[in-house]
Amino acid sequence: MTDHASRAPDAATRPTLATLTDELGLLYGGDYNPEQWDRETWLEDARLMQAAGVNLVTVGVFSWALLEPRPGERSFGWLDEVLDLLHAHGIAVDLATPTASPPPWMGHLYPETLPVDRDGVRLTYGSRNQFSPSSEVYRSFARDITRDLVDRYVEHPAVRMWHVGNELGQVCHSDATALAFRTWLDERYGSLDGLNEAWGTTFWSQRYSRWEEVVPPRRAPYLINPTQELDFRRFTSDALRAVYREQRDIIRERDPRRPVTTNFMGFFPLVDYWSWAQDLDVVSDDAYPDPVDPTSLASAALTQDLMRSLGGGAPWLLMEQAVSAVNWRDHNVPKTPARMRLESLQAVAHGADGICFFQWRASRAGAERFHSAMLPHAGADTAVHRGVVGLGADLARLRPVVGGRSRATVAIAVDWSSWWAAEGEAGPTRRLRVVDEVRRWHRALWERGVAVDLVRPGDALGEYDLVLAPNLYLLDEPDAANLRAFVAGGGTLVLGPFSDVATRDAHVRPGRFPVQLADLVGASGEEWLPLDDHGLDVVSDLWAGPDGVLPGIAHVDSYVERLRLDGGEGADGTEGTQAAHGADGSGLTAEAVEAVVVASSSAPAGLSGAPVVVRRRSGAGRAWYVGALLPDAALDAVLAEVLRESGTLSALGTPAARLGVEAVRRGDLLFLLNHTGSPVSVPVGSTPLTDLLTSAVHRGSAVVPPVDVLVLTERPS
């Protein structure tokens, strides 16, 4: 196999977003589809882009049918004109390989390039993304058009970045995919015996005797082998990465100077972005928060933290977002211009050095004609476009932000394979949704102005004081050892429910869970307990009851685990909260374990007084285990105690507490973002701070207007 990774430049020499931003400042623009318009419109577009402060557009994403109207033919003349025009107006181009949407002739002449779904139905053309990642015919055509595109435009001064495909996420179950899947499995396991061992094929008489018998998961009478499902997800992610790498390598061979990217899609369930991250010179993301979802901006911040973390802390690019409404929800409520500005500046606060949209001009025809754009159907004299112009001016004022980095002392551990395995068929409950849990845990930190990185459980953790792992169902031995070493080194680990249950092959680990870390957290479980409609009340001194008296009661409505304490007083789990207290006020003496949340006396037989959330001091560090899907308020109270105990500070340099605004520090700049409909006063200290957006000076406190942003610096304006 080709070692594509070896062709990627060394991290110290590879091109980055700074290749553009050192000259242009914060990048601003969006997808531009000039092939939908006549030349007179191109001229108007260039003029209006310039007036709006646009300095980057992505061109060519869906242009394959025009660039190659028939197999092997090329029609680049119109694109020559577009690039010349944009360059003349000072607008840089992120030039895309058009390989996301093959022309109809490909599917018609070569139906084997079309994807096959799980039911064996071959999907057809007439939409987009209609290709099989394992089709050598598709990939050959994709390589050819990429090669010719780059050869033609590698020296064009407008081209400042390359963009491979679009939102890579295609899945195929065809016979061609089966061949590629077998090759991938052979490389992973080394033999058919290795495969049978990993897949546990003695169950249900599934043992394979020939490689030809192995196929992708397809429609079957009942449940598919869970390890087969997991490996197919891993394979699909790798197959799509191979498609990306082939085109990236063609670009890189011809142009080592300009960065190469493709657009991610947040917590996308079909591709493991951790495995892709080192292949991109610039991490890019498409984000479409729902303006009617009250948690969407918290979720957006989490996704932005993920993108920054995928790039190792380097600035990233918000490649797509909606200016106003999308077209693909059942009811497409638009954003206001103020909300659009707030979301954009939130991305900048979390590390983005570029803000782009889908798309520049609204399409008159096609499936996305009701998707909003920077230039709407009604034209430039609109609130939407005035908001676009205003945002361009704001981003120009924020040039001091460029290249700034954030520093976090808290990390959240996320692993795609574990996510996939945890949500597989035939588990204890479908109510544990991994990304939903990550969002809930992150939200408690976000509301308190705590900076967060995302990590893999096996990453170096020495720079963090606190690591949260909302769910690590699948936990490899080296990763478990890494978490253990983190605690031994003085860190605090908080492990969520249904963690350390399975091996990398999704086999259940025998023993009491979390199997490899039970001694670390000082408690262990024997049974996973999805709850009936009555749920379960839990009690803790971390929150008060309705009358303000401690302890308070919270109601768990879906899932809890049968745990026991395995160290210190009350280790049988029947006495509720352990009585040992440490000198630091944590309630813990050395090596002691404490149940900080317990099942109430009204719990079903066998659970009354049983531990639900435990913490244990282990040497210089601490470990917590959360053995239930706690309600939001109870989870928030637990995490607030974790933050207090670990001494975590907010972006204001004060102990983490709710601020009423989103507070983010990037470099030496403090972003205060008000997501509410009322002004909020925030204490900012006695040093005068200047708002880069308005030049106003704030001392002592700063009032953030509704749906508005301050970007504060000690530097004079």
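A quick note: this is a predicted structure, and the numbers were derived from the prediction, not measured.
- The line from CZ of R504 to OG of S418 is 13.0 Å long, rounded to the nearest 0.5 Å.
- In this structure H173 satisfies the ring-ring contact (aromatic ring centres under 6.0 Å, His included) test together with F232, sequence neighbours excluded.
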Let's go through V613 and Y625 carefully: what are the C-alpha distance in whole Å and the side-chain angles of both, what is the deciding distance for side chain to side chain contact (heavy atoms under 4.5 Å, CB included) to 0.1 Å, and is it a yes or a no?
CA-CA 6 Å; V613 177; Y625 186 75; over 6 Å; no
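- Salt-bridge formation is not detected for the pair E594/R617: no Lys NZ or Arg NE/NH1/NH2 atom is positioned less than 4.0 Å from an Asp or Glu carboxylate oxygen.
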Could you please spell out the steps behind the side chain to side chain contact (heavy atoms under 4.5 Å, CB included) verdict for D632 and R443?
CA-CA 10 Å; D632 289 348; R443 192 180 310 137; 4.2 Å; yes
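- One side chain, H350 or E662, offers a donor N or O that lies under 3.5 Å from an acceptor on the other.
- With respect to E641 and R615, a salt bridge is recorded, a charged nitrogen being found less than 4.0 Å from a carboxylate O.
- Using a distance-only test at 3.5 Å, with no hydrogens or angles considered, a donor-acceptor pair links the side chain of T261 to the main chain of V282.
- Salt-bridge check for R456 with D415: failed, with every basic side-chain N at 4.0 Å or more from each acidic carboxylate O.
- Donor-acceptor pairing under 3.5 Å is lacking for the side chains of S646 and T492.
- When T236, V171, T177 are each tested for a side chain to side chain contact (heavy atoms under 4.5 Å, CB included) with P216, only one passes: T177.
- Here H675 and W446 bring their ring centres to under 6.0 angstrom of each other.
- Salt bridge status for E229 with R218: absent, with no side-chain N to carboxylate O gap under 4.0 Å.
- Side chains of E187 and Y189: a donor-acceptor N/O pair is absent below 3.5 angstrom, by distance only.
- Taking the charged nitrogens against the carboxylate oxygens, R233 and D231 have no contact shorter than 4.0 Å, which rules out a salt bridge.
- Residue N129 holds its CG atom at 7.5 Å from CD of E167, rounded to the nearest 0.5 Å.
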Please evaluate residues V214 and L185 with respect to the criterion side chain to side chain contact (heavy atoms under 4.5 Å, CB included), reporting the C-alpha separation (whole Å), side-chain torsions for both, the decisive distance (0.1 Å), and the verdict.
CA-CA 10 Å; V214 180; L185 292 167; 3.7 Å; yes
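- Between W416 and S237, the closest side-chain pair of non-hydrogen atoms is not below 4.5 Å.
- Between Y273 and F264, the ring planes are parallel. Angles under 30° get that label, and only those over 60° would be called perpendicular.
- Side-chain contact check for T295 and D293: at least one donor-acceptor pair (N or O, by modelled atom type) lies under 3.5 Å.
- Using a distance-only test at 3.5 Å, with no hydrogens or angles considered, a donor-acceptor pair links the side chain of Q516 to the main chain of L475.
- Here F203 pairs with nothing under the ring-ring contact (aromatic ring centres under 6.0 Å, His included) rule; sequence neighbours left out.
- For the pair D500 (side chain) and V515 (backbone), a donor-acceptor distance under 3.5 Å is present.
- By the 4.5 Å heavy-atom criterion applied to side chains, V539 and V597 are not counted as neighbours.
- The nearest pair of heavy atoms linking Y288 to V326 is CD2-CG1, 3.7 Å.
- Donor-acceptor pairing under 3.5 Å is recorded for the side chains of R234 and S417.
- With sequence neighbours excluded, the residues forming a ring-ring contact (aromatic ring centres under 6.0 Å, His included) with W528 are F498, F513, listed by chain and number.
- Looking at W184 and D238, their side chains do bring a donor and an acceptor atom within 3.5 Å of each other.
- Judged by distance alone, with hydrogens and angles left aside, the side-chain atoms of S499 form a donor-acceptor pair with the main-chain N or O of L472 at under 3.5 Å.
- Within the 4.5 Å cutoff, the side chain of E437 has no heavy atoms near those of the N471 side chain.
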Intermediate values then yes/no, side chain to side chain contact (heavy atoms under 4.5 Å, CB included), D566 and S524:
CA-CA 7 Å; D566 290 331; S524 63; 2.7 Å; yes
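- Using modelled atom types, one finds no donor on one side chain facing an acceptor on the other under 3.5 Å when comparing Y244 with D279.
- Taking 4.5 Å as the limit, every side-chain heavy atom of V596 sits out of range of all side-chain heavy atoms of D541.
- Using a 4.0 Å cut-off between charged side-chain N and carboxylate O, R308 and D285 make no salt bridge.
- Between the side chain of Y473 and the backbone N or O of V434, no donor-acceptor pair lies under 3.5 Å.
- Between R658 and D636 there is a salt bridge, since at least one side-chain N of the basic residue sits less than 4.0 Å from a carboxylate O of the acidic one.
- Counting only N and O atoms by type, the side chains of N225 and Q206 include a donor and acceptor under 3.5 Å apart.
- Side chains of Y222 and E425: no donor on one and acceptor on the other come within 3.5 Å.
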